[in-house]
Structures are given as structure tokens and as C-alpha cells.
*Asks:* 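Take a look at this one; I'll ask things after.
Nothing fancy with the numbering, it's 1 onward along the sequence.
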Amino acid sequence: RQKVIDDIFKGTATVATSNMTPALTDWYTTDGVAAYTYDVAKANSLLDEAGWAAGSDGIREKDGQKLSFTCTTISGDQARRPEAEVVQQYLKAVGIDMQLEEAPVSGILEGLRSGDMQASLFNWTYGGDNADPDATQTLGTDGSNNFSRYSNARVDELLASGLSEPDKAKRQAAYAEIQQIVADEVPFLFMMFWDIYALFNTRVQGLPDTALTSDPVYLMANEWWIAQ
């Protein structure tokens, strides 16, 4: 993942550890969160142990089924398509066949929500939207954007607690445990969190020193002025 960041995104991203973005410094943690490195030997060992044996074409098989799936990227996307092509090579190195196809965003969202799409390389926020750590809609059992159909009773309990608990320290503990569980169970693969840049002419004054996301900055446009 770091190589993908370095080669494709020119270093403008951070390797993901779990569902929470490191930009949310009050809620993000790596304490007790399982980390996964690029390890071909271990991947091969785990696949062998699970009964997936390499076929004559190098693709693994089990009970007559090929270890093959289709990953859908956004039509014409010049960032994710190269990313998917690199990942395709990494997976093939351990005998996994990932086919690639493209579809419009609307089609991908429909397929993910209905469960008809096998996989997609897609950007989505799993806790951290508008600086709020809640991930009920993406990690909750009945979440409307729970694309992987993930269901964990303890995570549901922690999500509910995080929404109702007024004590910040207790909320932090709840979201820290969620990150630990998600990293351990791996209901989906998190690649990276992008660094997003909003560019302004140097004459624009009154901008904040930092911003979590760029969109809210424009709500402050009444506070800007143009230097002469």
C-alpha cells in the first residue's frame, strides 16, 4: 500500500490502519490495532492452509472453484484504475485472479448496496464524515451504506454507545475498540486516506491555517478578502 501511495499518488496519502482517518486526531488510534505488511510468503501460507491450491495457470482453486473475482472501478477514473491495476498484480503473485471492469458511480453504489457487486475500489468514509467519528451507516448491522454486510454485535453496541455517551474519554474508548475490531476482522480492505488539497491564489487572505476538509472553507468566504 505504501508503494501504491508513493508511485501512483506521489506520497499524498497515508496508509490506512482501520476505518478511522488519522486526520481525526481526537479519535484515531493505532494502540492495539493489528497492522498488516506486504508479505507474499505469509499470504501463500495462509491460502495453502485454507485449501486453495495453485492450478496449472497459477490461479488457485478449491473444490473446483477458481479464486477469481471482479473489481469495479469508476468509469474513466484516472486515479483508481492505475491503483487497481497495481493491486491486480499483487494478487496475481499469490494466485488470486482479480478481473477489472468499470461502471458509473451510480451503478457502483447500486451494486454495492444491493449486494450484486463482488468488489469495488471506491472511496467512502467509515467514520469521520464532517469530523464526526460515528460509523453507524457503514459499520452498523443495518447501516444503509454497509456495503460488505458486516455485522458484529459488539461493534453495534459500541456505535450506539459512541452516539449517546456525552463523556469524551468514554467515547474515545468506544471508537478505539471499534478500530481494533475492524482491523482484526478485516470485513473490507482499507488502502489509504488521501491528502486533499484546495488551492487558492496567494492574494486571497483570511483563509484558516488548517482545515480538515476543503468544502466547509467555502462557507467562510464572507471572511476573505483580496490583497491589492
*Asks:* Scan residues 13-37 for pairs that pass ring-ring contact (aromatic ring centres under 6.0 Å, His included), counting only residues two or more places apart or in two chains.
*Replies:*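 Sorted pair list: W27-Y175.
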*Asks:* Under a single-linkage definition using a 4.5 Å side-chain heavy-atom cutoff for Ile, Leu, Val, Met, Phe, Trp and Tyr, are V186 and V94 assigned to the same hydrophobic cluster?
*Replies:*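 No.
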*Asks:* Can a donor-acceptor pair be found, under 3.5 Å and without considering hydrogens, that links the side chain of E165 to the backbone of K170?
*Replies:* no
*Asks:* Pairs under 3.5 angstrom only: tabulate donor-acceptor contacts from the side chains of residues 189-196 to other protein residues two or more places apart or in another chain.
*Replies:*
unit_1: D195; atom_1: OD2; unit_2: A13; atom_2: N; d: 3.4

*Asks:* Donor-acceptor pair, Q179 side chain versus T29 backbone, under 3.5 Å?
*Replies:* yes
*Asks:* Just wondering, are more than 12 heavy atoms of other shown residues or ligands nearer than 6.0 Å to CG in D142?
*Replies:* no
*Asks:* Looking at C71, is its backbone amide N or carbonyl O close enough to the side chain of Q118 to form a donor-acceptor pair, meaning the two atoms are under 3.5 Å apart?
*Replies:* no
*Asks:* Hey, are the side chains of R113 and F147 touching, using non-hydrogen atoms and a 4.5 Å cut-off?
*Replies:*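 A side-chain contact under 4.5 Å exists here.
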*Asks:* Checking S120 side chain against T72 main chain: does a donor-acceptor pair fall under 3.5 Å?
*Replies:* yes
*Asks:* Please determine whether side-chain hydrogen bond (donor to acceptor under 3.5 Å, both in side chains) holds for the pair N123 and R80, giving the CA-CA distance in whole Å, both sets of side-chain angles, and the decisive distance to 0.1 Å.
*Replies:* CA-CA 9 Å; N123 61 303; R80 295 177 189 82; 2.6 Å; yes
*Asks:* Look at the side-chain heavy atoms of Ile, Leu, Val, Met, Phe, Trp and Tyr, link any pair under 4.5 Å apart, and say whether V105 and L112 land in one connected group.
*Replies:*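 Per the 4.5 Å side-chain linkage, V105 and L112 are co-clustered.
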*Asks:* Under the criterion side chain to side chain donor-acceptor pair (under 3.5 Å), which of K10, K3, Q2 is the partner of D6?
*Replies:*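 Looking at K10, K3, Q2, the match for D6 under the side chain to side chain donor-acceptor pair (under 3.5 Å) is Q2.
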*Asks:* Might you confirm whether atom CD of Q205 has over 12 heavy atoms from other residues, nucleotides or ligands at distances under 6.0 Å?
*Replies:* yes
*Asks:* Go through the steps to decide whether K66 and E61 satisfy the test salt bridge (Lys or Arg N to Asp or Glu O under 4.0 Å), and finish with yes or no.
*Replies:* CA-CA 4 Å; K66 290 275 191 182; E61 301 178 14; 3.0 Å; yes
*Asks:* Look at K168 together with D26 and state whether they make a salt bridge at an N to O cut-off of under 4.0 Å.
*Replies:* yes
*Asks:* Grab the two heavy atoms, one from A183 and one from S18, that are nearest each other, plus how far apart they are.
*Replies:*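 Nearest pair, atom of A183 first, then S18: N-OG, 3.7 Å.
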*Asks:* Hey, does the side chain of D77 reach the backbone of R81 with a donor-acceptor pair shorter than 3.5 angstrom?
*Replies:*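 No; judged by distance alone, with no hydrogens or angles, the pair does not exist.
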*Asks:* Kindly say whether A41 contributes a backbone atom to a donor-acceptor pair with the side chain of S45 at under 3.5 angstrom?
*Replies:*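 Looks like no, no N/O pair under 3.5 Å.
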*Asks:* Who are the ring-ring contact (aromatic ring centres under 6.0 Å, His included) partners of Y38, not counting sequence neighbours?
*Replies:*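 In terms of ring-ring contact (aromatic ring centres under 6.0 Å, His included), with neighbours along the sequence ignored, Y38 is linked to Y90.
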*Asks:* Each residue besides I226 in its hydrophobic cluster should be listed here, by chain and number; the cluster joins Ile, Leu, Val, Met, Phe, Trp and Tyr at side-chain heavy-atom distances under 4.5 Å.
*Replies:*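 So far as hydrophobic clustering goes, I226 is joined with F200, V204, L207, V217, Y218, M220, W224.
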*Asks:* Could you tell me whether a side-chain N or O of T21 sits under 3.5 Å from a main-chain N or O of A23, the two making a donor and an acceptor?
*Replies:* yes
*Asks:* For K62, does the NZ atom sit with more than 12 other heavy atoms under 6.0 Å from it, leaving out its own atoms?
*Replies:*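 Yes, enclosed.
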*Asks:* Distance-only check: which donor-acceptor pairs under 3.5 Å involve side-chain atoms of residues 152-163, not counting sequence neighbours?
*Replies:*
unit_1: N152; atom_1: OD1; unit_2: R154; atom_2: N; d: 2.9
unit_1: N152; atom_1: OD1; unit_2: V155; atom_2: N; d: 2.9
unit_1: N152; atom_1: ND2; unit_2: E185; atom_2: OE1; d: 3.2
unit_1: N152; atom_1: ND2; unit_2: E185; atom_2: OE2; d: 3.1
unit_1: R154; atom_1: NE; unit_2: E177; atom_2: OE2; d: 2.8
unit_1: R154; atom_1: NH1; unit_2: E157; atom_2: OE1; d: 3.4
unit_1: R154; atom_1: NH1; unit_2: E157; atom_2: OE2; d: 2.7
unit_1: R154; atom_1: NH2; unit_2: E177; atom_2: OE1; d: 3.0
unit_1: R154; atom_1: NH2; unit_2: E177; atom_2: OE2; d: 3.4
unit_1: D156; atom_1: OD1; unit_2: T141; atom_2: N; d: 3.0
unit_1: D156; atom_1: OD1; unit_2: T141; atom_2: OG1; d: 3.3
unit_1: D156; atom_1: OD2; unit_2: T141; atom_2: OG1; d: 2.4

*Asks:* Mind checking what makes ring-ring contact (aromatic ring centres under 6.0 Å, His included) contact with F122, not counting sequence neighbours?
*Replies:*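 F122 satisfies ring-ring contact (aromatic ring centres under 6.0 Å, His included) with W124 once adjacent residues are dropped.
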